[in-house]
Amino acid sequence: MLTINPTTLTWSGNYSCSPPAKTQAIFFPASIVNTIHDRNNPPEKQSSAGRITRDVLTDQGRTKLNSYPDREFYAYPRFVTHVDDGFISTLTNLYRERLNPDSEILDLMSSWVSHLPKEVKYKRVVGHGLNAQELARNSRLDYFIVKDLNQDQNLEFSDCSFDAVLCTVSVQYLQQPEKVFAEVFRVLKPGGVFIVSVSNRMFYEKAIGAWREGTSYSRIQLVVHYFQCIEGFTQPEIIKKLPATSDGFQDSKLPFRWINKFLALFSSSDPFYAVLSYRNFKLLYE
């Protein structure tokens, strides 16, 4: 994993939660942990929160048409927006409503564009992605890491590091989503939120089979199952905003509403979906 400060573009090997003031090698002494417990002092009961309870995807559902490493596919920067202005505005408003000022935020699978509200100040925003040039252009990031989550799902952050984790129109590329969601749970503070937003756009050859072959409904349910397979997340909440028809009517009580729904299928606007869940405050024990 590479850690980069976008203001200096200094490559560092520091895996702590905050970037170092100067680039330097840090050596930690190895600790010896005694794993033998005295009979009179049995080990404390471990929480099962964050445990993967089941696999959501089959082996076939994890496959991609383009089997080359993702690092190769994203080797060159793409300074484009992948969703339209309506989607971005809806997402920014959602962040404005759900993310508290002074929060510590991890933006997974990010890019050169930030969707966070410009007027809100956050304590720390850490980015993650596969292209350093794109991430360096994202002015909201305090620093970022470059890492392929399909090769290694471990996040080099301490437990309970962030108030919120975000993933924007990228969850369809995860081949091990159960492990990634478990890691997100681990780095979230109790009560922290994970917001996953999706639309109908994708790099088709890099999306997993379960996503490519699904419908809008089944894809949202897939994300719901990702949350539900991790013990300790609250019941996922689904937020959606579908494109309006050309005359803007969406009232289900209006006459000929079926015509409006039919016309909406041909709208050029991007549909907006978000699935979010919180790390439960209550620890669960077996």
Side-chain angles (χ1 to χ4, degrees), residues 15-18 42-57 90-110 115-117 120 122-128 145 149 152-172 174-198 210 217-240 272-286:
Y15 295 145
S16 64
C17 295
S18 300
E44 294 183 4
K45 209 169 190 180
Q46 296 296 314
S47 170
S48 61
R51 179 174 62 90
I52 301 174
T53 61
R54 60 185 174 86
D55 286 335
V56 175
L57 298 177
T90 302
L91 181 60
T92 299
N93 285 333
L94 177 62
Y95 290 163
R96 186 177 288 112
E97 295 171 0
R98 299 300 180 105
L99 304 180
N100 295 321
D102 295 323
S103 293
E104 296 184 272
I105 298 171
L106 173 60
D107 192 356
L108 280 183
M109 307 174 80
S110 185
H115 304 105
L116 294 168
V120 181
Y122 300 101
K123 183 177 181 180
R124 177 173 62 129
V125 181
V126 181
H128 156 267
I145 60 175
L149 290 178
D152 180 7
Q153 294 78 47
N154 295 318
L155 298 173
E156 283 80 358
F157 300 105
S158 302
D159 295 358
C160 306
S161 294
F162 297 99
D163 300 288
V165 177
L166 316 174
C167 182
T168 305
V169 293
S170 297
V171 71
Q172 62 268 26
L174 292 175
Q175 292 180 286
Q176 300 293 333
E178 302 95 336
K179 294 179 180 179
V180 173
F181 274 58
E183 274 291 279
V184 168
F185 182 94
R186 182 185 64 79
V187 302
L188 273 176
K189 300 175 184 178
V193 64
F194 184 19
I195 302 177
V196 179
S197 57
V198 302
Y217 175 81
S218 68
R219 291 166 182 166
I220 299 306
Q221 291 305 308
L222 198 61
V223 179
V224 169
H225 288 309
Y226 292 163
F227 278 112
Q228 291 177 336
C229 80
I230 307 301
E231 190 164 342
F233 271 123
T234 61
Q235 180 61 29
E237 176 184 354
I238 300 173
I239 298 172
K240 64 180 180 179
F272 175 88
Y273 300 94
V275 185
L276 60 93
S277 179
Y278 295 82
R279 172 169 172 163
N280 208 321
F281 280 99
K282 183 179 179 181
L283 295 179
L284 303 177
Y285 295 94
E286 299 196 330

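Along the sequence shown, residues are numbered consecutively beginning with 1.
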| task | Report the C-alpha separation of T90 and Y273 in whole Å, then their side-chain angles, then the decisive distance to 0.1 Å, and conclude whether the side chain to side chain contact (heavy atoms under 4.5 Å, CB included) test is met. | result | CA-CA 10 Å; T90 302; Y273 300 94; over 6 Å; no

| request: Given side chain to side chain contact (heavy atoms under 4.5 Å, CB included), test V187 with D159 step by step and report yes or no. | output: CA-CA 5 Å; V187 302; D159 295 358; 5.9 Å; no

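A distance-only check finds no donor-acceptor pair linking the side chain of R96 to the backbone of P117 [under 3.5 Å]. Listed for the E178 side chain is a donor-acceptor partner under 3.5 Å among the backbone atoms of V56. Side-chain atoms of H128 come within 3.5 Å of backbone atoms of M109 as a donor-acceptor pair (strictly under, hydrogens ignored). The backbone N or O of N280 sits nowhere less than 3.5 Å from a side-chain atom of T234 that would complete a donor-acceptor pair. A side-chain donor-acceptor contact under 3.5 Å links S170 to the backbone of T168.
Put simply, the side chain of L155 reaches to within 4.5 Å of the side chain of R186, judged on heavy atoms. Residues V198 and F272 are not in side-chain contact: their nearest non-hydrogen atoms beyond the backbone lie 4.5 Å or more apart. Within the 4.5 Å cutoff, the side chain of R98 has heavy atoms near those of the E237 side chain. I238 has its side chain out of reach of V223: every pair of non-hydrogen atoms, C-beta onward, lies at least 4.5 Å apart. In this structure the side chain of R124 never reaches within 4.5 angstrom of the side chain of I105, judged on heavy atoms. Side-chain contact check for Y122 versus L99: some heavy-atom pair is nearer than 4.5 Å. Put simply, the side chain of F162 does not reach to within 4.5 Å of the side chain of V125, judged on heavy atoms. At least one side-chain heavy atom of L57 sits less than 4.5 Å from a side-chain heavy atom of L222.
There is no side-chain donor-acceptor pair under 3.5 Å between S197 and Y95.
Atom CD of Q221 sits about 13.5 Å away from atom CZ of R219, to the nearest 0.5 Å. With values rounded to the nearest 0.5 angstrom, C167 atom SG is found 10.0 Å from L106 atom CG. One distance of note links CD of Q176 with CG of L149; it measures 11.0 Å at 0.5 Å rounding. Atoms OG and CD1, from S110 and I145 in turn, are 11.0 Å apart once rounded to the nearest 0.5 Å. In this structure, the separation between CD on E183 and CG on L108 is 10.0 Å, given to the nearest 0.5 Å. Going from atom CG of L276 over to atom CG of L94 covers 6.5 Å, rounded to the nearest 0.5 Å.
Heavy atoms only, all atoms of each residue included: G50 and A182 are closest at O-CB, 3.7 Å.
The salt bridge (charged side-chain N to carboxylate O under 4.0 Å, His left out) search around K189 returns E104, D163, not counting sequence neighbours. Take Q228 and apply the side-chain contact (heavy atoms from CB on, under 4.5 Å) test, not counting sequence neighbours, and it matches R54, V224, H225, Q235, P236.
Taking the six-membered ring for Trp and the full ring otherwise, Y278 and F194 have centroids separated by 6.0 Å or more.
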